[in-house]
Each structure stands twice: as structure tokens, then as C-alpha cells.
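In what follows, a single structure is set out as C-alpha cells and then discussed.
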Amino acid sequence: MSEGSSTPTGTLERWATALRLKTDPTIFFVSAACMVFFLIVLLLLPSQTADAFTAARSWIVTNLGWFFIMGVSLWLLFLVILALSKYGKIRLGSDDARPEYSNVSWFTMLFAGGIGTILMFWGVAEPIYHAAQPPRAGVEPHSVQAAEDAMAFALYHFGLHTWTIFTLPGLAFGFFVYRYKLPMRVSSVFYPFLKKKIYGPIGKTIDIFAILGTLFGVAVSIGLGTSQINAGLSELTALPDAVWVKVLIIVTLTAVAVTSIVRGLDKGVKTLSNINIGMAVGLMVFVFIFGSTVFLARQIIETIGIYGQQLIPLSFWNDAMAPYTDPEGWGWQAGWTVFYWAWTVTWSPFMGIFLARISKGRTIREYIIGVLVAPTLFTIIWFSIFGWSALEFDGIGGSGGEITQKVVTENNVPLAMFTFFDQFAVPDGVITLIQGLAVLIVAIFFATSSDSASLVVDMLCTGDAGSGPVGQRMFWGIAEGVLAASLIVLAGDAGLFALQQVITVVGLPIFILVFAMLFALARGIQQDRRIKAQEEALAKVTGMS
């Protein structure tokens with residue numbers, strides 16, 4: 001037996017060989033062990049775990065909420081400057097590389113793997129919530145001003161800033177993996193600072209954090225999506241809105257996701273993404289046609305202006321006067337903006353690797369504009385149609401209606417979309433069909449998010465853009481389902497609030513990691529251009545000699 005085989009690393013390598021895994025043994029087994037350890041603690045000490053996360057979240061939003069808000073706005077500014085600069089023509093790959101996917105397939109894959117589930121969850125609920133309970137002081141609930149502010153806040157949360165959190169890591173991964181020929185891992189981004197140390201303990205620690213953050217981020221999304229599916233099924237059938245039903249839904253849809261995982265990125269994820277985007281657009285067209293069509297057409301245009309007008313003020317609004325106006329001392333953003341940014345950033349390793357994988361060959365400028373602008377425009381249209389329709393149904397200038405009753409009074413956000421469809425003046429059979437379609441769309445968005453994340457976690461372990469062994473990929477898909485089910489069990493009736501505690505705490509170290517990526521990417525681009533200039537100068541001298 002060799003000396004190395006008696007070390008912990010040697011033992012892990014033997015296990016990997018015995019299980020026929022194609023992976024970095026340390027990253028795979030330590031990540032899996034940490035996840036299992038958390039699950040054991042979660043199940044054995046649920047109340048203590050919940051208390052610990054609640055206390056940690058309270059400290060984070062009180063002392064570091066400003067850091068989250070400032071950080072994402074600075075990332076967006078950096079990306080805009082980079083896209084407009086001379087560096088925008090650099091390709092994610094060799095200089096002669098070209099995209100592997102058409103623009104249509106590229107968009108549907110990045111969108112379905114991104115926030116499709118969230119648009120279904122919050123497209124109606126968030127505008128209604130903010131109109132009924134305006135974030136800013138002095139605004140009359142349900143007024144025209146409250147409605148316009150509500151749309152501005154919703155788009156701030158799901159527009160350019162959300163996609164910035166995905167775009168920056170994806171650009172960094174694509175640049176270092178395809179131009180520096182480094183492994184498909186988060187640690188590769190820090191090559192300008194760590195050099196060969198990315199292959200050592202420091203690099204492996206970074207990758208393990210990224211994997212755990214991804215698992216938690218996707219698990220929270222699965223939890224929200226499952227709540228909405230359960231609410232929809234309860235509306236359509238005799239199934240109760242209960243924890244055991246949610247767990248059963250997770251088990252069923254995890255099986256669907258695992259099936260897609262086995263088929264791989266091109267056959268599984270791509271096919272599901274294209275189908276689901278088509279159905280989501282169909283749902284949006286239904287609302288546009290059978291709602292107040294002229295009103296909505298006018299609002300789409302006007303909402304672009306509202307978003308543009310409010311974008312810069314909201315990007316830097318910190319609710320700094322909250323200690324004088326709010327008993328909790330932090331204010332509205334603790335439960336909304338900080339939660340969103342912490343939650344979204346846990347998706348950034350997964351979405352970043354995923355975006356890099358499907359964006360090889362595109363220029364930096366093409367990548368930034370495509371990933372930032374196209375999904376944001378779709379989001380504006382989506383919120384304009386669903387949000388303004390919901391606000392109109394509930395009576396702008398009135399005192400709220402049935403949707404407000406569900407979202408605000410009963411705090412039943414998952415039921416918002418289904419209550420919304422009940423307002424349309426069409427036959428009951430059509431409403432039932434549309435509500436059933438909405439449940440199916442959420443379910444497929446759930447499946448595409450889960451299988452995309454599982455494939456990416458597998459890439460983080462293997463360091464290879466190709467697919468690992470089927471059993472290895474299936475393990476991560478099942479792990480996500482188990483983690484999501486455990487969080488649902490822990491959350492109980494206080495679902496969304498409990499998930500907020502977990503994700504805000506988990507999001508902090510990932511947020512710091514992504515912040516550091518900005519500096520690594522800037523240095524990497526400068527080094528790349530310097531090497532390119534030296535090569536061109538040498539070629540010129542050689543040609544003259």
C-alpha cells in the first residue's frame with residue numbers, strides 16, 4: 001500500500017474508486033458529509049436550529065444589510081462599464097470560438113434555470129403586497145402612488161439586480177474556465193490571486209462552500225414552489241394544504257428532475273426549458289387578452305418608465321432612518337431586499353456555472369447584454385401584465401379585494417396566483433384549466449431548477465463541463481429533494497419566514513465570495529490583455545526579422 005493511501009485523502013480516493021465516481025473525492029465527500037450532518041441536526045434539534053438561524057439572521061440584517069444592498073448595485077455598475085469598454089469584445093473561449101446554442105435556446109435555458117418559479121410565485125403577490133402595505137412612509141395604501149411604487153419595488157427585486165447576481169459569477173467562470181483552461185469550479189475564478197493553490201485546501205474549501213450554498217438556495221426555491229403547487233392542488237382538488245402533501249410533491253417532482261438529470265443538459269434541461277417557457281408565455285397571453293388589454297398595453301410601456309425612473313434611487317435606498325421609525329430598528333428591507341439578495345446569491349454558483357456552460361463562445365459584451373437585458377425585459381412584461389391586472393382587479397384607489405385578502409390578511413402568498421385567476425370573467429372550466437396549467441408550469445420550473453442545479457453541483461465536484469456518472473448526478477438530485485423536504489418539515493406553518501432565516505445566514509459567505517469575484521475578474525482580464533499585447537508585439541518583431 002502506498003503512503004498516500006493511508007491518508008484521509010487516500011481513503012476518500014479509494015471510496016470514490018469503489019463507488020465508480022468521477023469526481024474530486026475531497027470536494028464530493030466533504031460536501032455530502034456537511035449536508036448530511038446538517039440534516040441530522042435539523043431533524044434532531046429542529047427548534048434549537050430554528051432559534052440559531054433566527055438570531056444569526058437578525059444580526060446580519062441589522063449590521064450588514066447595507067453591505068448586501070450596496071454590493072449588488074456596485075456589481076451592476078461594474079458589468080455595465082465592462083460591457084461598454086474595449087474589453088467587451090473578448091470571447092468566453094478562444095478568439096475564434098462561437099456559441100454552441102442559438103439565441104432562442106440560450107435564453108429559454110438561462111431563464112428556466114433562473115427565476116421562472118419565482119415569477120410564478122411573486123408575479124401577482126408582490127405588487128399586491130406592496131400596494132396594500134407601502135414600503136415608504138406617507139404613501140396611502142391602494143392608491144395610484146402605492147401601485148406605481150409597488151411595481152417599481154417588484155421590478156427592482158426581479159429585474160437587473162437579480163440578473164446581476166447571476167451574470168457576474170457566470171462571466172467570471174466562463175472567462176477563467178474557457179480562456180485560462182481551468183477546471184469548471186468556483187475556485188478557478190480566484191486563480192489570479194491563488195495561482196496553483198486553487199488545487200489545494202483553500203480552493204477545495206471555496207468549492208465546498210459553493211456546493212452547500214447552491215444546495216440550500218435551490219432547496220429554498222423548491223420549498224416556495226412546492227407551497228404554490230400545494231396551494232393550487234388544494235384549490236383544484238380535495239388535497240389539503242399540509243406539510244405531508246408538500247413532502248409528497250417534493251418526492252414526486254424530484255423523481256421527474258432525476259429522470260431529466262439522467263438525460264443530461266442538452267436532452268433533459270433544454271427540452272424541459274423550451275416546453276415550459278412556451279407554456280408560461282401562453283399563460284401570459286391569456287391574461288393579456290382576457291384582461292384589460294388596452295390598459296395592460298399602456299402599462300407595459302409606462303412601467304418601463306417607472307422602473308427606469310426609480311432604478312437608481314432604489315439601488316441605493318437603505319432605509320437608513322428606520323431606527324427612528326421602525327420598532328425593529330432595521331426596517332422594511334430586512335424582510336424583502338436583503339432576503340432576496342441573500343437568497344439569490346446562493347444560486348449564483350449554480351447559475352454562474354450553468355450560464356458559463358451554455359455561453360461558451362460569446363463575447364463579454366454579448367453575454368452581459370444578453371443575460372442582463374433579455375430576462376429583465378421579459379420580467380417587466382410579466383409583472384406589467386400579471387401585476388397590473390391583479391392591482392386593477394383589487395381596485396386601485398379602493399381598499400383591496402380578494403387577492404389582497406389572501407396575500408396580506410391571510411398571509412397565504414402561495415394562493416395568490418390561483419385567487420387571481422378566479423377574477424376572470426370566463427367559464428369555470430376555463431379557469432380550472434388555466435389553474436391546472438399554472439400548477440404544471442410551476443412543477444416543471446421546479447424540475448428544471450433542480451436538474452440544472454444537480455448537473456452544476458456535479459460539475460463543481462468533477463471540475464469538468466461534461467457529465468459525470470449517472471449515479472453521481474442522481475445523488476445530487478435526490479440530495480436536493482431531501483434537503484428541501486427537511487426544510488419544509490422544519491418550517492411547518494411558518495414556511496416562508498423560517499426559510500428566510502436559513503437563506504439569509506447561508507447567503508452571507510456566498511455573497512462575500514461573489515464580491516471577491518469582481519476583483520479576480522478585473523485582474524484576470526488585465527492579465528489576459530497584457531499577455532495578448534505581448535504576443536502581438538512578439539509576432540510583429542518576428543515578422544519584421
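Numbering of residues begins at 1 and proceeds along the displayed sequence. Keep in mind that the numbers below use all heavy atoms, side chains included, and drop hydrogens, waters and symmetry copies. Keep in mind that what you see is a predicted model, and the values were worked out from it rather than measured.
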>> Would you say Thr376 and Trp163 are linked by a side-chain donor-acceptor pair, where the criterion is simply a distance under 3.5 Å?
In response: no

> So, Trp347 versus Thr214: side-chain donor-acceptor pair below 3.5 Å or not?
Replying inline: no

>> With a 4.5 Å cut-off on side-chain heavy atoms, are Leu119 and Phe386 touching?
In response: no

>> Strictly distance-based, threshold 3.5 Å: is any side-chain N or O of Asp394 a donor or acceptor partner for the main-chain N or O of Gly400?
In response: no

> How far apart are the closest heavy atoms of Gly123 and Trp382, and which atoms are they?
Replying inline: CA-NE1, 4.0 Å

>> Can you confirm whether Leu64 sits close enough to Trp59 that some side-chain heavy atom of one is under 4.5 Å from a side-chain heavy atom of the other?
In response: yes

> Pick from Trp317, Trp66, Phe68: which one makes a side-chain contact (heavy atoms from CB on, under 4.5 Å) with Gln333?
Replying inline: Trp317

> Do any N or O atoms from the side chain of Arg57 and from the backbone of Thr504 form a donor-acceptor pair under 3.5 angstrom?
Replying inline: no

>> Out of the candidates Trp341, Trp122, Trp343, only one should pair with Trp336 under the ring-ring contact (aromatic ring centres under 6.0 Å, His included) rule; please name it.
In response: Trp122

> Relative to Trp332, does Arg136 satisfy both conditions: NZ or CZ under 6.0 angstrom from the six-membered ring centre, and within 45 degrees of the ring's axis?
Replying inline: no

> side chain to side chain donor-acceptor pair (under 3.5 Å): which pairs involve residues 35-45, sequence neighbours left out?
Replying inline: none

> Taking Arg365 for the side chain and Ser85 for the main chain, is one N or O donor matched with an acceptor at less than 3.5 Å?
Replying inline: yes

> What are the two closest heavy atoms between Ala125 and Phe121, and how far apart are they?
Replying inline: CB-O, 3.8 Å

>> I'd like to know whether Ser234 forms a side chain to side chain donor-acceptor pair (under 3.5 Å) with Asp241, so could you lay out the CA-CA distance, the side-chain angles of the two residues, the decisive distance to 0.1 Å, and finally the verdict.
In response: CA-CA 6 Å; Ser234 298; Asp241 191 345; 5.0 Å; no

> Can you find a heavy atom in the side chain of Leu253 that is under 4.5 Å from one in the side chain of Ile229?
Replying inline: yes

> Can you check whether Ile202 reaches Phe190 side chain to side chain, under 4.5 Å on heavy atoms?
Replying inline: no

> Which side chain to side chain donor-acceptor pair (under 3.5 Å) pairs, counting each pair once, include a residue from residues 148-157, with sequence neighbours left out?
Replying inline: Glu126-His157, Gln145-Asp149, Asp149-Gln310, His157-Thr337

> Between Pro141 and Gln133, is any pair of side-chain heavy atoms under 4.5 Å apart?
Replying inline: no

> So do the side chains of Thr164 and Phe78 get within less than 4.5 Å of each other, counting heavy atoms only?
Replying inline: no

> How about Phe393 and Trp388: are their ring centres within less than 6.0 Å of each other?
Replying inline: no

> Are Val177 and Pro183 side-chain neighbours, meaning at least one heavy-atom pair lies under 4.5 Å?
Replying inline: no

>> Could you check whether Phe511 and Phe67 have their ring centres less than 6.0 Å apart?
In response: yes

